[in-house]
Number of protein chains: 2
Amino acid sequence: MSIQADTGVDDGARLKGRIRQRQEGAMLKAAEKVFARAGFQGATMAEIADVAGVPKATLLYYFASKEALYRAVLANILALWLAETESITADADPATALSAYVRAKMRLSARRPDASRVFANEIVHGATHIGEYLRTELRSTVEKRAAVIDQWAAEGRILPVDATHLFFTIWAATQTYADFDSQVCAVLGKTRLSPPDHERATAHVLTVVLRSCGLPCPAHGAATISPPPANTTH
Amino acid sequence: MSIQADTGVDDGARLKGRIRQRQEGAMLKAAEKVFARAGFQGATMAEIADVAGVPKATLLYYFASKEALYRAVLANILALWLAETESITADADPATALSAYVRAKMRLSARRPDASRVFANEIVHGATHIGEYLRTELRSTVEKRAAVIDQWAAEGRILPVDATHLFFTIWAATQTYADFDSQVCAVLGKTRLSPPDHERATAHVLTVVLRSCGLPCPAHGAATISPPPANTTH
DNA sequence: AAAAAACCTGACCAGATGGTCAGTTTCAGC
DNA sequence: GCTGAAACTGACCATCTGGTCAGGTTTTTT
């Protein structure tokens, strides 16, 4: 991954001191939280250090600059993002595969909302740090998986859809529960999303995605309007 | 609108000097652009002034503080956001009404991407300035329109869907073309989205939304898998 | 045309923030 | 337990940025 080339840390296998490993974790976690809340410019090294429970100078001892820290946080997030499309293969059952993917994305939104928000913030502001990743790794991943979906459609196993745009829609629909959490909560009249809320949201997104492909969704019955009302006002 | 109460400007009807009206427009436009690119903290009054083509002191003469300027920009955007759900009424045709709404949202993403980005940024970072708006005006608007959609479902005119979450999905799917524009472009391998790209995106989102409600979409034919596997590829 | 009001701006300032550094403490290997 | 390396940190600094202000110019009103 080209991004953490500059950082020079966070390799997992790199035996760069034992203490370092432990401390870095806390700092990255704190940084993710603060970057998520305040954005790159809005976050201050002092606050991140404070949240991590270390002096500011120590934070700078681990990460040479705010920029380096931010890149390290992003690198962590990108690793999370990539390992998710595996369920989508040509020989898999479309409904099962798509469901698995959507569920994985929703789980990520529920469990790592800060990661999602940092990523969202980075992209909204032009993706200056991860443009390369988007243009190479992400793009080729999407192209491969989109080809699979196209094949499903060609085989008549799903309705024809624009596969690439379907990914955009799935990302948007799932990540909205992390990124736009405050809006969702406000409209629902809650202060935070409970696990049942997340289940409900997941069921809804599954319905949308499956129906978009002409697949029956488990929650409700048919994929078409089943109870044709006697009063067909046409 | 409670938000611009603090600002004391931007009323439209307020005859607060003719020169003021004209200048304010340029400054708000410049501010929207810079806030969209850099976020609240990342934007500087100096840069906004520069983009607007006025000295920094003049900008501060018009807007007492960065905060006030930001609130004014947000107030402008919220006005845009509200006036869009009108097509969704109980007696309207579901497919027509939903299509109109989605089209309006997509048009907004294409024409005012910066507005969308400022709004997105505000929400990602906790919606501290517009929480009140979300909890009152937006919430009640959604509740009313969701009731309409529920009624459609009860009448068997569409498949049952979680109407409130359907709004979240529509917002997410449409705004992603403004907010996450850089990601979309990177994955598509383009440097910017052309009008045809936007049409394609609109057609896709329409397909997703209509099929989610069990409605036939004009672009493709049926709402279910019509051509059985052994069929000719149309 | 004079007075008042509104508009405009260069120069300046106080506080915040990213980053440096010299000196101290802790750890690992011998 | 000795030694060098790694880890750590308080104090400090240069810069950037939001905001002020005194004084000037233009527009409006009388």
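Everything numeric in this text was worked out from a predicted model, so none of it was measured. Note: hydrogens, waters and symmetry copies are ignored here, and every other heavy atom, side chains too, is used. We name chains A, B, ... by the order of the sequence lines, and we start the count at 1 in each one.
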Check your understanding: Do the rings of B/Phe168 and B/His165 sit parallel, tilted or perpendicular, given the 30° and 60° boundaries?
Key -> perpendicular
Practice item. Please state how far atom CG in B/Leu60 lies from atom P in C/dC13, giving the value in whole angstrom units. Key: 18 Å
**Study point:** side chain to side chain contact (heavy atoms under 4.5 Å, CB included) partner of B/Tyr133, chosen from B/Glu137, B/His129, B/Arg135
**Key:** B/Glu137
Review point. Between D/dT17 atom P and B/Glu67 atom CD, what is the distance in whole Å?
Key: 18 Å
Review point. Expressed in angstrom and rounded to an integer, what is the separation of B/Met45 atom CE from D/dT20 atom P?
Key: 10 Å
Point to revise | Value in whole Å for how far the P atom of C/dG19 lies from CZ of A/Phe63 | key: 13 Å
Revision key, fill the gap. By nearest-nucleotide position on DNA chain C, the 5'-leaning member of A/Ala46 and B/Met27 is B/Met27
Review point. Could you state the CD1-P distance from B/Ile48 to D/dT17, rounded to the nearest angstrom?
Key: 12 Å
Review point. So does B/Lys33 have more than 12 non-hydrogen atoms from other groups sitting under 6.0 Å from NZ?
Key: no
Check your understanding: Counting side-chain heavy atoms from CB outward, which of C/dG18, D/dA7, D/dG18 is closest to A/Tyr61?
Key -> D/dA7
Point to revise | Separation of D/dC8 C1' from A/Lys56 NZ (nearest whole Å) | key: 15 Å
**Study point:** Proximity to the side chain of A/Ala57 - top-ranked nucleotide from C/dT9, C/dT20, C/dC8
**Key:** C/dT20
**Study point:** salt_bridge(A/Glu47, A/Arg37) N-O dist < 4.0 Å
**Key:** yes
Exercise for review: Measure the shortest side-chain to side-chain distance between B/Val54 and B/Tyr61 over non-hydrogen atoms and say whether it is less than 4.5 angstrom.
Suggested key: no
**Study point:** Nearest-nucleotide pick for B/Thr58, side chain only, options being D/dG19, D/dT9, C/dC8
**Key:** C/dC8
**Study point:** Lys/Arg N to Asp/Glu carboxylate O, A/Glu32 vs A/Arg117, below 4.0 Å
**Key:** no
Practice item. Measure from the side chain of A/Thr44, starting at C-beta and using heavy atoms only, and say which of D/dG18, C/dG18, C/dC8 lies closest. Key: C/dG18
Practice item. Please state how far atom CG in B/Asp50 lies from atom P in C/dT9, giving the value in whole angstrom units. Key: 13 Å
Review point. How far apart are the C-alpha atoms of B/Tyr101 and B/Glu86, what are their side-chain angles, what is the distance that settles it, and do they pass the side chain to side chain donor-acceptor pair (under 3.5 Å) test?
Key: CA-CA 8 Å; B/Tyr101 182 55; B/Glu86 276 129 30; over 6 Å; no
Practice item. Specify the residues of residues 29-42 of chain B, ordered by number, for which at least one heavy atom lies under 4.0 angstrom from an atom of DNA chain D. Key: none
Study note, to complete from the structure: Testing C/dG10, D/dT9, D/dC8 for proximity to the side chain of B/Pro55, the answer is C/dG10
Review point. How would you label the contact of A/Ala49 with the nucleic acid (heavy atoms, under 4.0 Å): base, sugar-phosphate, or nothing?
Key: nothing
Exercise for review: Would you mind reading off the distance between A/Lys66 atom NZ and D/dC16 atom C1', rounded to a whole angstrom?
Suggested key: 12 Å
